[in-house]
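Data first, discussion second: the structure below is written as structure tokens.
Since we're looking at a predicted model, the values are computed, not measured. Order of appearance sets the numbers: ligands from 1, and atoms from 1 within every ligand.
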Amino acid sequence: MPFPLLATTPISSPLSSKNPLRQPTKSANTRPSPTSLRLPNSTTISCEQKQVDNNNGSHGIDRRNVLLGLGGLYGATSTMAGKVANAVDGGPVQPPDLSMCILATDSQADDEPVNCCPPYSTSNIVDFVLPPDAPLRHRKPAHKLSPKEIERFKVAIAKMKQLDPKDPWNFMQQATIHCTFCNGAFFQVNYPDKLLQVHATWLFAPWHRYYLYFWERILGKLIDDPTFAIPYWNWDVPDGMFIPSFYLDNSSPLYNDKRNHDHYKALMDFDYKNEPTPTPNPTPDQYKDVINKNLQKVENLFNKDNLNKPDLFMGAPVSAGEFVEVRGALEELHNLAHEWVGPVAKPNHDMGNFYTAARDTLFWAHHGNVDRLWDFYQKKRMYKPESNLADYLEASFIFYDENRQVVKVKVSDCLRAEDLGYTYAPEEFPWQGIRRRNRKEAAEKKKPFKKQLQLVPVSEFGNQPRPLDDVIRVLVPRPKISRSKQEKEDDVEVLVVDNIQLDPSSYTKFDVYISKPIAEGLAAPDYGEFAGRYSRIPHIHNKKFPHAGKAKLQIGITELLEDINAESAESLVVTLVPKMGYPSIGRVFIELQEADY
Ligand code: C2O
């Protein structure tokens, strides 16, 4: 096999010099920031404050204020993406030093060490270039693939599985990359105490986009078909809310037995909580309610808040030297398919555990849909980058490409699917407008308010952490009421559930509902409107890297408050409904966060 094995020179050169987004020399290196201090020679003085400050917005410091304070630096470089602001911390996250791979950790109770190191390490890392113009690859919904297309896909996967086990193109090698970037196989270059992690940050969507991109092109190479496109699991339409049938044929190379067999023919329930599917053979009518709720959850991804403040959708900003665990709404929802496909019992291999998730062919179909929803989001925002910060645009990773070359990719090159040579076959989005349609329907049916309605007393959360072993209903004051249209455009109203402590080796999931108090200190018995979800797939980080298993959830509620007519409410009733695991909650509050960067 002509792949370079185990050369040992580490990767160098953090920024490409021909890069149009390259920063002026006065960069983060020369400026102490409130969260980390990095010396010009790249040694690091680390301090605990480097962690995300959980009490202050999504990032501990207000980036916009920092940028404005820099005067001339902001906007010093202009690019196709508009203005590029400078990094405020350690700069953009960099690819790992391949020679420094260590054992990663699986989520067994005994923190079993696992080897996820790539079979290559090379000095010959080249910068990624966009593929040459060619007919676009059309990714199609798996449940609509023709028999011929299914066959072609099966042949490609079979070939990938037959490759030498050490070949970076080999199916298991490709799967292992997921462990590498999640379970602690690398620390960040220059930050030996900080894990390299792509999940639960704004790198989630870009990293997985590249991951699929190379996988698709390698498969295309293996069957000598430059138009080959991977199928996606179209779980946001009713017909797609089942595991696509050809993944269930146990004689196929697409088959994986390490799944929850109860779900082989079952309608996906986005409210699933590790319990048996209630009705074994439900009629289409019984499906309706589940489908409806599923669709609402997809639509909720694209609410005004998530569109105005991309980290609510994408995940929290992260710079080199930081460890962040704040998922965006896209990743929170995406966790469902991992839970749904993965077995209930620990260690939940394959799909139910990050260490092994990509060993299941369904992982790739699932992430196809996740990528497609990001593509939808980007189109809705007319391709305005989710952030103009170099920390986002210049963040980079490495992959082994379809030409057997190790390439360094960066976020700014993956912000349009079409530039990467693929597109999603036009499909319908039946969830668009569903919440309003449902609300209207409900309003028409609504019976007059009954006097004997049993109101529930609610009080504020208090200062002590509380176990979420039962429903928690609390009254949460708002920072400002009756905001003007302009104020709402400037600032997004965000509900923060903070300091979540959990068992990282188990599933954790809870839902958040919001309603208006009926009278002072009194709530209606029903929880109100679904606002968002916290969900975490089991994964443990190498013990060397502290702060795993403590996190927060942020949900934009500006649009929701308009919908439920709660603009003038001074406080809201927030209901936390546990679904899986027994986390404890440190704090619940509402704050205003600046929209967009
Ligand atoms: Cu890298 Cu679906 O997770």
Side-chain angles (χ1 to χ4, degrees), residues 93 96 104-107 114 116 118 142 172-186 195-216 230-236 243 247 256 258-260 268 270 272 298 301 313-316 318 324-343 347-374 395 397-399 409 411 414 504 507-509 533-541 548 551:
V93 168
T105 313
D106 187 14
S107 68
V114 288
C116 300
M172 275 299 274
Q173 290 294 345
Q174 286 289 307
T176 301
I177 296 171
H178 199 254
C179 165
T180 317
F181 283 88
C182 177
N183 296 66
F186 290 107
L195 173 80
L196 184 61
Q197 168 64 276
V198 294
H199 297 88
T201 74
W202 63 6
L203 304 178
F204 168 75
W207 185 85
H208 288 82
R209 174 166 286 181
Y210 274 125
Y211 192 24
L212 265 63
Y213 167 87
F214 291 112
W215 197 71
E216 177 172 75
I230 55 173
Y232 64 86
W233 180 3
N234 196 184
W235 40 254
D236 59 314
I243 296 179
Y247 288 87
N256 181 324
K258 293 180 180 164
R259 294 175 181 156
N260 183 340
M268 251 177 135
F270 288 19
Y272 171 66
V298 180
L301 289 178
F313 180 83
M314 301 286 291
V318 62
V324 170
E325 185 165 327
V326 186
R327 274 172 291 283
L330 180 66
E331 189 178 350
E332 295 288 3
L333 185 66
H334 125 282
N335 281 354
L336 189 268
H338 284 275
E339 297 156 3
W340 184 255
V341 178
N348 317 97
H349 296 166
D350 286 339
M351 263 290 264
N353 184 321
F354 274 162
Y355 163 45
T356 50
R359 295 179 185 180
D360 192 329
T361 49
L362 269 171
F363 169 94
W364 305 87
H366 170 45
H367 272 274
N369 206 38
V370 173
D371 187 65
R372 170 176 161 270
L373 294 175
W374 182 30
F397 323 111
I398 38 178
F399 285 96
V409 299
V411 168
C414 78
Y507 288 119
T508 305
K509 179 149 98 181
R533 164 174 293 170
Y534 180 88
S535 142
R536 191 181 185 280
I537 301 300
H539 63 285
I540 288 196
H541 303 141

Determine whether His199 and Trp207 satisfy the following criterion, side-chain hydrogen bond (donor to acceptor under 3.5 Å, both in side chains), listing intermediate values before the conclusion.
CA-CA 9 Å; His199 297 88; Trp207 185 85; over 6 Å; no
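Relative orientation of the Trp215 and Trp364 rings is parallel, given thresholds of 30° and 60° on the angle between their planes.
Between the NE2 atom of His208 and the NE2 atom of His199, the angle centred on atom 1 (Cu) of ligand 1 amounts to 110° when rounded to 10°. Our summary of the site lists the angle at atom 2 (Cu) of ligand 1 between NE2 of His367 and NE2 of His338 as 120°, to the nearest 10 degrees.
Among the backbone and side-chain atoms of His334, an N/O/S atom is found under 2.8 Å from atom 2 (Cu) of ligand 1.
Distance check, rounded to the nearest 0.5 Å: CG of Asn348 to CZ of Phe354 gives 12.0 Å.
No option in Lys509, Arg327, Arg533, Arg536 other than Arg327 meets the salt bridge (Lys or Arg N to Asp or Glu O under 4.0 Å) test with Glu332.
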